[in-house]
Amino acid sequence: MGDSMTNTKKVAIVGVFSALAFVVMYLELPIFPAVNFLKYDPSDIMALLIAFIYSPMLGVLVLVIKDILFYLFKSGDIIGIAMNFVAGALFIVPAAMIYSKKGRVREILGYLAGIAVATGGMALLNIVVVPFYWKVSLETVFALLPWIIGFNAIKFSIDSVVNYIIHRRVKKILEPNEE
Ligand code: RBF
């Protein structure tokens, strides 16, 4: 296949995965009642698949597109969408950068790094954002911190396990002529 054809196909696949990510975002599953503003959805898996199969940058593009669509069609909550985007980017960029196409050890180290960066980064960001968003005291935020940390650790662990199981099969379907 020529380069221009490959690019056309890549653009189409990124578009389809962004649309899929947007649709599955409607799941919005609150895991912990104490922090019901934190909602699980599997949309970051679509971005991680694209980041693994093509590049971290295209993975981030999937995050941008699905979050803009979700903001426009569903949420209207710019803070929630921004937090969702930052969390997703903090997870997929380290994971995909450390992942090497051959080694399972590097892949798992990538997931662990992504989970650690996203969970740590979002804990700090929530300490800053939640007092303004909910008009609560810092003490209240610190009381919620174990739930916030638990939410992000669980969310990105689920995404890692699912991605680990499916990404090679998805790559074979999308790029049957490679390797
Ligand atoms: N999403 C995360 O994945 N991790 C977070 O730490 C996180 N913190 C949030 C904090 C606030 C105040 C809000 C409003 C949303 C946050 N979100 C976070 C996004 C939330 O889980 C959900 O994806 C969006 O609100 C869209 O439904």
Side-chain angles (χ1 to χ4, degrees), residues 14 17-52 56-99 108 110-167:
V14 168
F17 274 63
S18 302
L20 265 174
F22 162 63
V23 170
V24 300
M25 227 181 141
Y26 276 77
L27 186 63
E28 290 196 294
L29 207 72
I31 301 178
F32 300 124
V35 282
N36 60 8
F37 57 97
L38 302 178
K39 297 166 210 145
Y40 179 75
D41 68 71
S43 63
D44 291 345
I45 298 169
M46 316 303 150
L48 189 56
L49 286 168
I50 292 299
F52 267 40
M57 210 188 74
L58 283 178
V60 172
L61 181 62
V62 170
L63 293 179
V64 171
I65 296 171
K66 65 112 179 171
D67 276 325
I68 290 175
L69 290 175
F70 200 77
Y71 173 75
L72 293 174
F73 286 95
K74 175 79 205 309
S75 93
D77 172 21
I78 194 68
I79 303 292
I81 285 297
M83 295 296 269
N84 178 285
F85 171 78
V86 175
L90 288 179
F91 171 58
I92 73 162
V93 171
M97 283 183 72
I98 293 169
Y99 167 66
I108 289 164
Y111 295 135
L112 293 175
I115 293 165
V117 171
T119 301
M122 292 316 289
L124 295 176
L125 204 52
N126 270 283
I127 291 171
V128 177
V129 169
V130 169
F132 293 97
Y133 189 88
W134 291 114
K135 309 202 168 34
V136 294
S137 67
L138 259 186
E139 286 73 40
T140 307
V141 183
F142 280 111
L144 294 177
L145 211 50
W147 297 107
I148 294 169
I149 290 169
F151 171 85
N152 285 298
I154 290 172
K155 170 178 175 173
F156 295 115
S157 297
I158 295 172
D159 289 357
S160 296
V161 170
V162 173
N163 192 71
Y164 181 83
I165 296 169
I166 69 173
H167 80 88

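The figures here come from the full heavy-atom set of this structure, side chains too, leaving out hydrogens, waters and symmetry mates. When a ligand or atom number is given, it counts from 1 through the structure's own listing order.
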J.: Starting from atom 21 (O) of ligand 1, find the nearest protein heavy-atom neighbour and note its residue, name and distance.
T.: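 Of the protein heavy atoms, Lys39 N, 3.0 Å lies nearest.
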J.: What residue and atom, counting heavy atoms only, is the protein's closest point to atom 20 (C) of ligand 1, and at what distance?
T.: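 Answer for atom 20 (C) of ligand 1: Phe37 O, 3.5 Å.
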J.: Give yes or no for whether the N/O distance cutoff of 3.5 Å, strictly under, is met between Tyr133 and ligand 1.
T.: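 So ligand 1 has no N or O lying under 3.5 Å from an N or O of Tyr133.
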J.: To check you understand the geometry: which heavy-atom pair defines the closest contact between Ala87 and Ala118, and what is its length?
T.: O-CB, 3.9 Å
J.: Under a 4.0 Å heavy-atom limit, does Tyr40 contact ligand 1 with its side chain, its backbone, both, or neither?
T.: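 None of Tyr40 does.
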J.: Give the contacting part of Asn152 toward ligand 1: side chain, backbone, both or neither, where contact means a heavy-atom distance below 4.0 Å.
T.: side chain
J.: Out of all atoms in ligand 1, which are within 4.0 Å of some heavy atom of Phe151? Include the element for each.
T.: 2 (C), 3 (O), 4 (N)
J.: I want to confirm something. Looking only at heavy atoms, which of Val141, Val129, Asn126 is nearest to atom 6 (O) of ligand 1?
T.: Asn126
J.: Under 4.0 Å from a heavy atom of Ala87: give me the atoms of ligand 1 that qualify, with their elements.
T.: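 Listed by number with element: 2 (C), 3 (O), 4 (N).
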J.: Just checking, is any N or O donor in the side chain of Ser43 or Lys66 under 3.5 Å from an acceptor N or O on the other one?
T.: yes
J.: For ligand 1, which atoms have a heavy atom of Leu38 less than 4.0 angstrom away?
T.: 5 (C), 7 (C), 8 (N), 9 (C), 10 (C), 16 (C), 17 (N), 18 (C), 21 (O)
J.: Got a donor-acceptor contact below 3.5 angstrom from the Asn126 side chain to the Met122 backbone?
T.: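 Yes, because the side chain of Asn126 sits within donor-acceptor range (under 3.5 Å) of the backbone of Met122.
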J.: With nothing but distance in play, are any N or O atoms of Glu28 less than 3.5 Å from an N or O of ligand 1?
T.: yes
J.: Considering non-hydrogen atoms of the protein only, which is the closest contact for atom 16 (C) of ligand 1, and what is the distance?
T.: Met83 CB, 3.4 Å
J.: Please confirm whether Asn84 comes within less than 3.5 Å of ligand 1 when only nitrogen or oxygen atoms on both sides are compared.
T.: yes
J.: Does a donor on one side chain and an acceptor on the other come within less than 3.5 Å for Tyr71 and Asp77?
T.: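 Note: Tyr71 and Asp77 side chains miss the donor-acceptor criterion.
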J.: With side chains defined as the heavy atoms from C-beta onward, is the minimum distance between Phe132 and Ile79 less than 4.5 Å?
T.: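 Answer no - side chains too far apart.
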J.: Mind telling me whether His167 and Phe52 have parallel, tilted or perpendicular rings, with 30° and 60° as the class edges?
T.: perpendicular
J.: Quick one: nearest non-hydrogen protein atom to atom 19 (C) of ligand 1, plus distance?
T.: Gly80 O, 3.5 Å
J.: Please report, to 0.1 Å, the donor-acceptor pairs under 3.5 Å made by any side chain of residues 148-162, with sequence neighbours excluded.
T.:
unit_1	atom_1	unit_2	atom_2	d
Asn152	ND2	Ile148	O	3.1
Ser157	OG	Ala153	O	2.6
Asp159	OD1	Tyr40	OH	2.6
Ser160	OG	Phe156	O	2.7

J.: Tell me, yes or no, whether the heavy-atom count around Phe73 atom CZ, taken from other residues, nucleotides or ligands under 6.0 Å, exceeds 12.
T.: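 Result for CZ/Phe73: open.
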J.: Under 4.0 Å from a heavy atom of Lys155: give me the atoms of ligand 1 that qualify, with their elements.
T.: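 Once the distances to Lys155 are compared, the set is 2 (C), 3 (O).
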J.: Side chains of residues 136-144: which donor-acceptor partners sit under 3.5 Å, not counting sequence neighbours?
T.:
unit_1	atom_1	unit_2	atom_2	d
Ser137	OG	Thr140	N	3.3
Ser137	OG	Thr140	OG1	3.0

